[in-house]
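These notes are about the structure you will find just below.
Chain letters run A, B, ... following the sequence lines, proteins first and then strands; every chain starts at 1.
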Amino acid sequence: MQQAFYERPVLEVARDLIGCTVRHGLTCGVIVETEAYHHCEPACHAYVGVTPRTATLFGPPGVAYVYRSYGVHAMLNAVCERAGVAAAVLIRALEPVQGVDAMAARRSTDRIGDLCSGPGKLTQALAITLQDNGRALDAAPLVIGPPLADRPGPPIVTGPRIGITKAVDLPWRFAVRGSPFVSRPVPG
DNA sequence: CATGGGATTGACT
DNA sequence: GTCAATCCCATGC
């Protein structure tokens with residue numbers, strides 16, 4: 001996926017990333033759930049402006065923004081829109097495709113539906129860490145690629161974002177309708 | 001320099 | 001359903 005793909009309105013990118021693949025090392029999965037964030041709304045980390053933490057978000061598109069949540073989990077985002085505009089798509093869930101054994105070992109479970117069904121789960125399953133922050137998303141070891149050739153475009157549903165306390169009503173969450181691999185069902 | 005708050009998860013009642 | 005773990009960083013003194 002080239003930089004021009006990410007240098008667009010973040011809501012378009014969030015929708016278009018559904019069905020794309022995320023690969024880290026030997027593990028790979030298909031994106032089934034995303035959320036969009038933009039510095040114009042208070043749920044976004046970059047709402048406060050440029051800081052050491054948010055510098056990645058204000059930088060060029062097509063790179064990873066990885067941060068630690070609740071002191072425990074790493075969260076993977078794809079930086080979008082032109083440099084100077086902070087926006088990103090949070091990758092919230094994957095359908096495991098390749099390296100399932102490695103994912104199961106890292107996650108300490110064999111249940112396929114529990115390997116990548118959440119933003120903290122998928123980074124653990126794919127071994128994505130804060131070391132990946134700022135890394136380009138079009139070259140090894142961390143690559144977001146186009147949808148697999150043998151897969152039709154899935155039906156997509158939208159809804160409010162999960163786990164936030166501000167701007168809770170914006171319908172900026174996207175997911176594959178009926179997918180068993182999403183973190184939580186989309187209302188409606 | 002001290003403090004408070006998370007874009008969550010898993011274990012437990 | 002409740003709740004603790006745990007750490008980075010933004011903010012304020």
Side-chain angles (χ1 to χ4, degrees), chain A residues 6 9-11 13-15 17-18 20 22 24 27 29 31-59 61 63-81 85-96 103-135 137 142 144 157-176 179-187:
Chain A
Y6 300 99
V10 67
L11 289 174
V13 182
R15 174 179 287 271
L17 278 174
I18 299 289
C20 293
V22 177
H24 188 248
T27 47
I31 299 172
V32 297
E33 183 182 349
T34 62
E35 283 177 4
Y37 289 85
H38 191 286
H39 76 246
C40 70
E41 45 91 13
C44 183
H45 291 168
Y47 187 67
V48 296
V50 183
T51 67
R53 182 196 200 189
T54 63
T56 307
L57 286 168
F58 282 97
V63 308
Y65 167 59
V66 184
Y67 71 96
R68 188 170 297 290
S69 173
Y70 292 93
V72 181
H73 305 284
M75 303 292 213
L76 172 65
N77 300 251
V79 176
C80 295
E81 310 219 5
V85 177
V89 175
L90 171 67
I91 312 298
R92 281 193 60 88
L94 306 176
E95 173 185 342
M103 294 185 192
R106 291 167 182 151
R107 292 272 307 127
S108 301
T109 178
D110 286 332
R111 293 191 45 209
I112 188 109
D114 276 340
L115 294 180
C116 300
S117 56
K121 294 179 183 180
L122 72 90
T123 55
Q124 185 184 18
L126 273 63
I128 293 167
T129 69
L130 300 206
Q131 305 254 336
D132 294 299
N133 187 45
R135 223 166 233 175
L137 287 168
L142 182 56
I144 293 183
V157 291
T158 65
R161 296 172 294 182
I162 303 292
I164 54 173
T165 59
K166 298 166 226 171
V168 294
D169 292 329
L170 292 177
W172 285 11
R173 180 183 179 215
F174 301 86
V176 175
S179 170
F181 299 103
V182 299
S183 61
R184 300 170 55 174
V186 178

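- The stretch residues 39-48 of chain A participates, sequence neighbours left out, in these side-chain hydrogen bond (donor to acceptor under 3.5 Å, both in side chains) pairs: A:E41-A:R161, A:H45-A:Y65.
- A:V168 approaches A:P160 most closely through the heavy-atom pair O-CB, 3.4 Å.
- Between A:M103 and A:C116, the shortest heavy-atom distance links the atoms SD-SG, 3.7 Å.
- Contacts between residues 107-117 of chain A and DNA chain B, counted as heavy-atom distances below 4.0 Å, involve A:R107.
- Within the structure, the salt bridge (Lys or Arg N to Asp or Glu O under 4.0 Å) test picks out the following pairs touching residues 117-131 of chain A (sequence neighbours left out): A:D114-A:K121.
- Contact between A:D110 and A:A104 at its shortest, heavy atoms only, is OD1-CB, 3.8 Å.
- Applying the side-chain contact (heavy atoms from CB on, under 4.5 Å) criterion to A:P119, with sequence neighbours excluded, gives A:M75, A:L90, A:R92.
- Nucleic acid contact class of A:I164 (heavy atoms, under 4.0 Å, all strands): sugar-phosphate only.
- Looking at every heavy atom in both residues, A:A36 comes nearest to A:L11 through CB-CD2, 3.7 Å.
- The shortest heavy-atom contact between A:T27 and A:A125 is CG2-O, 4.2 Å.
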Under 3.5 Å, which protein N or O atoms sit close to an N or O of nucleotides 3-6 of chain C? Give each pair with its distance.
residue: C:dT6; atom: O3'; partner: A:G71; partner atom: O; Å: 3.4
residue: C:dT6; atom: O2; partner: A:Y70; partner atom: O; Å: 2.4

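- No side-chain donor-acceptor contact under 3.5 Å links A:R106 and A:Q124.
- Between chain A and DNA chain B, the heavy-atom contact criterion of under 4.0 Å yields a 5' to 3' nucleotide range of B:dG6 to B:dG10.
- In this structure, A:R161 reaches neither bases nor backbone, as no heavy-atom distance under 4.0 Å exists between it and the strands shown.
- Pairs passing the salt bridge (Lys or Arg N to Asp or Glu O under 4.0 Å) check and including a residue from residues 162-173 of chain A, sequence neighbours excluded, read A:E33-A:R173.
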* Under a cut-off of 3.5 Å for both distances of each Watson-Crick or G-U pair, what dot-bracket string does DNA chain C give, using [ ] for crossing pairs and | for inter-strand pairs? -> |||||.||||||.
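- In A:R184, the CZ atom is not crowded: 12 or fewer heavy atoms of neighbouring residues, nucleotides or ligands sit closer than 6.0 Å.
- Between A:V89 and A:C80 the shortest heavy-atom distance is CG2-SG, 3.8 Å.
- Among the candidates A:L126, A:V182, A:V32, the single residue satisfying the side-chain contact (heavy atoms from CB on, under 4.5 Å) test with A:L94 is A:L126.
- Considering only heavy atoms from C-beta on, A:V66 stays 4.5 Å or farther from A:T123 through its side chain.
- Atom-to-atom distance recorded for A:L76:CG and A:T34:OG1 is 11.5 Å, nearest 0.5 angstrom.
- Residues forming a side chain to side chain donor-acceptor pair (under 3.5 Å) with A:E81 (at least two apart in sequence, or on another chain): none.
- For the segment residues 118-134 of chain A, the set of residues with a heavy atom within less than 4.0 Å of an atom of DNA chain B comprises A:G118, A:P119, A:G120, A:K121, in numerical order.
- Remark: A:V48, A:T51 in residues 34-51 of chain A come within less than 4.0 Å of DNA chain C through at least one heavy atom.
- Scored by the salt bridge (Lys or Arg N to Asp or Glu O under 4.0 Å) test, A:R135 finds A:D132 as partners (sequence neighbours excluded).
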